[in-house]
Every structure is written in C-alpha cells, then in structure tokens.
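A short write-up of the structure that comes next.
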Amino acid sequence: MSFEKLGIEPRILDILKKAGFEKPTLIQKECIPLIKEGKDVIAQSETGSGKTLAFAIPIIEKVEHGKGVQALVVTPTRELANQIMKEFVKLTDYRMAEVASVYGGVPIESQIQALKTASIVVGTPGRLLDHLERRTINLSHVKYLVLDEADRMLDMGFIDDVERIIRHTSRQRQTMLFSATMPGPVFRISQRYMEKPVSIETERHVKPELLHQIYYDVQENEKFSLFVHLLQHEKPKLALVFCGRRHTADAVAKNLQIQGIDAKVIHGGLEQNKRERIIGETHAGQVQVLIATDVASRGLDIKGITHVFNYDVPEKRDDYIHRVGRTARAGKSGLAITILSDGDYDNFRRILRENPEMNIVAGERPDFRRIPFNPHAGRERREGHQGQRYGQRSSGYGRGGHEGHRGGSHGGYRSPSGHSRSESRGRRY
Ligand code: AMP
C-alpha cells in the first residue's frame with residue numbers, strides 16, 4: 001500500500017518522498033486512517049515501528065495555526081521528546097516555528113518563548129507541569145493528545161503527573177496511546193481517559209529468526225574480562241551495552257577506555273547537551289560501543305545496532321525484551337549477549353520463566369585474559385571533572401589486542417538441550 005492510498009495531503013506526500021519513505025509501515029497503515037477519522041487509538045508498538053509518523057502525519061494535517069496549543073505529545077525522556085520534535089519539524093519544514101519541545105535539564109526561557117506561538121508541543125511530564133504551574137502553557141485547546149511510551153512513563157513514576165496533565169486538556173480531545181506493553185496502570189489510564197479506543201497490535205518488530213540470544217555464566221569478577229574478550233572477537237559495528245545503574249555504566253565505560261576501547265556512555269545523570277552530542281555522534285556512525293541505562297536509551301531510535309550486551313540482567317522481563325529488541329531490526333540479523341553472574345540469577349530465571357518461547361542459548365565459556373576492573377572508575381565524570389580525557393577514539397578494539405588470548409578460541413554456544421555449536425561448525429554472527 002502507498003502513502004497516497006491513506007489520503008495524505010500532497011505537501012506531506014512530497015516531504016515523505018523526499019525523505020525516502022516509499023510506503024507506510026504497518027502501524028502507519030493501521031493508525032493513520034483511524035486517527036484521521038477522529039478515533040481514540042491504543043497502539044501496541046515499539047520504537048522503530050514508525051509510530052511517530054503514525055501520529056505525527058494526521059496531527060500535522062489537523063492543527064490550525066495561530067490557535068494555541070492543539071496537539072500535545074507526552075513522552076518519558078528528553079531524548080525521545082527531541083526525536084519526536086524533529087520528526088514533526090521534518091513534516092512541517094515550512095511551519096517550523098509551530099512545534100515546541102519542552103523538557104527539563106535546559107533553561108526554561110527559550111521554551112517559554114517557543115510556547116507562545118506553538119500549535120504542537122512535545123514534552124516530558126515534569127517540565128510540562130512546571131510550565132502549567134508558571135502558566136506559560138495553556139492546554140485547554142488541546143484536541144489531540146498522544147501518550148507515547150506510556151508503559152515507560154508509568155514505570156518511571158510519572159502516572160500522577162500524566163493524569164494531571166491530561167486533566168488540563170480539553171474534554172473534547174482525541175487521545176492516542178502508544179505503548180510496547182500494556183501493564184495494569186496503562187490499561188487504567190486508557191479506561192479513565194479514552195473514549196471507545198480502538199486497539200491496534202502490530203507484529204513484533206524484531207523477528208525471532210533474526211535475533212540470536214546467548215548468555216554466558218561467569219564469576220562477578222570475570223564479567224569485565226569476558227566482556228572485553230567478546231568485544232574484541234565480535235568486533236561489533238555498533239554495540240549497545242546495557243547497565244542497570246548509572247555508576248556501573250560509567251565504570252564500564254571508563255574501564256574500557258583504560259583498555260584502549262573507545263566507548264561512550266549515556267544516562268540520566270549527564271547534562272542534556274552532552275547526551276545530545278553522544279546521540280548525534282552515534283547517529284553519525286562515530287560510536288562503536290554505546291553504554292546506556294535502560295531509562296536513557298528507551299525510545300531512542302538508533303539504527304544499525306549489531307550487538308546488544310546485557311552487562312547485567314534487568315529485573316523486568318519487559319526491560320529485557322526492550323533491550324534485546326534494539327538489534328535485529330530492518331531485516332538485519334543481530335546478536336544479544338547476556339553476561340550473567342551470581343547477582344543476576346534470580347532476574348534471569350524469572351525472564352526465562354516468563355518467556356518460555358525465547359531461545360536464549362548458553363554460550364560455551366571461552367578462554368579469556370583476566371583484566372582488572374575498577375568499579376569506582378568514572379565516578380569523577382559525574383562530578384564534572386571529566387574534561388576531554390574520556391571518549392578518545394582508538395583505532396581498534398583494545399590495545400591489548402589478542403595478547404594473552406589462547407588459541408583464538410571464542411567458545412561456542414550450547415543450547416539448553418546440551419548441543420554444542422562451536423566455531424568449527426560455523427558461526428553466523
Ligand atoms: P519510530 O518508530 O517512530 O521511532 O520510527 C523509526 C524510524 O523509522 C524513524 O527513523 C523514521 O524516520 C523511520 N520511518 C518512519 N516511517 C517510515 C517509513 N514509512 N518508511 C521508512 N522509514 C520510516
């Protein structure tokens with residue numbers, strides 16, 4: 001099906017064509033006609049599905065200029081707010097001044113200015129409430145409300161804030177809720193604030209046959225050494241490495257750098273402009289290893305992730321699914337590697353129990369060189385003394401090279417049934 005068949009305005013069709021978008025994604029096919037009809041929509045969708053344009057196209061067509069804020073997109077993180085704003089701006093290049101994004105961590109004054117003329121606002125709950133309290137935003141004319149990544153917003157403790165924001169919007173609004181999963185609180189929001197919503201469930205973006213999942217079970221003090229070994233052998237084009245905590249993310253990045261491996265880190269403790277710079281560098285293909293916390297990476301649309309590493313195991317099954325789903329997209333295969341030690345067993349067992357269909361195979365323990373890991377390294381970064389030392393680029397994966405590495409063995413994978421797949425039988429990754 002073509003975009004033309006969805007009855008989209010010619011001006012927007014032109015922009016889509018110029019952006020190289022030939023046909024609508026599944027979620028766009030499903031959502032655009034319903035939203036155009038004025039229906040409330042609940043879409044179970046993930047980043048990468050094309051969900052932003054699914055709501056942005058009909059909204060752009062509907063808002064009228066100079067009539068106050070008519071469309072509001074509430075989103076959990078600043079990065080996502082920025083990303084969505086950019087998609088809107090792409091569609092409205094001739095009306096650029098009309099889209100405002102509001103989120104914390106940056107000065108409020110320029111946002112106040114932008115809000116004076118905006119007809120579409122994309123924002124995070126905290127800063128939106130701040131503007132409401134200052135009376136620098138008026139949501140009473142909002143006719144189109146989008147709750148994006150609703151499950152994450154609720155996970156992050158924004159449920160009361162989101163409800164307060166919803167109550168500031170017009171009762172005659174159309175509400176669209178996008179969420180990868182539908183936990184109880186999201187369902188409750190839909191019941192309370194939506195009018196006969198139509199539910200749309202698109203196929204999972206990640207194709208199980210393209211996503212290969214492996215885990216390695218090692219001692220806690222071996223995690224970093226194995227991780228470095230795997231990086232050196234996998235040579236990922238772009239690896240996204242998840243750590244549950246900010247200080248672990250900082251420490252892993254810093255220790256990698258000590259090994260001569262260039263890694264960038266992104267988490268909520270960094271200044272906004274730094275986060276944006278790192279995301280920009282990643283989009284530009286200048287980053288090979290990006291270490292992230294779940295919250296900071298949520299919703300970020302980063303293309304070409306060849307490897308996902310779980311440096312630790314998340315508590316929640318949904319977080320595991322979100323993490324590994326960042327690779328094996330757009331028809332490409334991807335590898336998700338989980339490194340387990342004592343502290344991860346409970347979480348991992350729960351994930352396996354709740355996802356019996358997931359095929360996570362045991363990786364055969366390779367020989368790897370022991371490397372010291374300083375858990376306190378990187379702490380000074382958060383205190384602002386980081387300077388330029390961090391993130392220098394190295395030419396390859398580690399100045400240690402293959403030093404101390406015995407026989408080039410990477411190890412193979414053993415499925416739970418005990419069958420071993422070794423290098424000699426050919427690796428596909
Ligand atoms: P989203 O799921 O909204 O985060 O979008 C994921 C990515 O897909 C974004 O980089 C979009 O620019 C891109 N995209 C959205 N719609 C299409 C389409 N119809 N064809 C190709 N790419 C698209």
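Counting starts at 1 for both ligands and their atoms, in listed order.
The distance from ligand 1 to the heavy atoms of S49 drops below 4.0 Å at these ligand atoms: 2 (O). Interface of T25 with ligand 1, defined as ligand atoms under 4.0 Å from a residue heavy atom, comprises 17 (C), 18 (C), 19 (N). Each of the following atoms of ligand 1 lies closer than 4.0 Å to a heavy atom of K23: 18 (C), 19 (N), 20 (N). Within ligand 1, counting atoms from 1 as listed, the ones closer than 4.0 Å to a heavy atom of K303 are 7 (C), 9 (C), 10 (O). Annotation for ligand 1: atoms under 4.0 Å from non-hydrogen atoms of L53 are 15 (C), 16 (N). Close contacts of ligand 1 with T52, meaning ligand atoms under 4.0 Å from a residue heavy atom, involve 1 (P), 3 (O), 4 (O).
A donor and an acceptor atom, one from each side chain of Q70 and S119, are nowhere located under 3.5 Å apart.
Contact annotation: for K90 versus ligand 1, heavy atoms closer than 4.0 Å belong to the side chain alone.
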**OP:** List the steps, then state whether side-chain hydrogen bond (donor to acceptor under 3.5 Å, both in side chains) holds for D250 with H267.
**Re:** CA-CA 9 Å; D250 280 334; H267 59 58; 3.1 Å; yes
**OP:** Begin with the C-alpha distance, continue with both residues' side-chain angles, and end with the deciding distance and a verdict on ring-ring contact (aromatic ring centres under 6.0 Å, His included) for F3 and F21.
**Re:** CA-CA 9 Å; F3 277 115; F21 299 162; 7.3 Å; no
**OP:** Take Y311 and F227, measure what ring-ring contact (aromatic ring centres under 6.0 Å, His included) needs, and give me the verdict at the end.
**Re:** CA-CA 8 Å; Y311 196 80; F227 175 49; 5.5 Å; yes
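In this structure, E22 does not count as a contact residue of ligand 1, since none of its heavy atoms falls inside 4.0 Å of the ligand.
Here CD1 of I321 is found 10.5 Å from CG of L211. Values are rounded to the nearest 0.5 Å.
Around atom 13 (C) of ligand 1, the closest heavy atom drawn from F21, F55, F3 belongs to F21.
Some N or O of G50 is nearer than 3.5 Å to an N or O of ligand 1, by distance alone.
Ion pairing between a basic and an acidic side chain is recognised when a charged N comes within 4.0 Å of a carboxylate O; K316 and D155 show such pairing. A salt bridge between K223 and D217 is absent, with no side-chain N of the basic residue lying under 4.0 Å from a carboxylate O of the acidic one.
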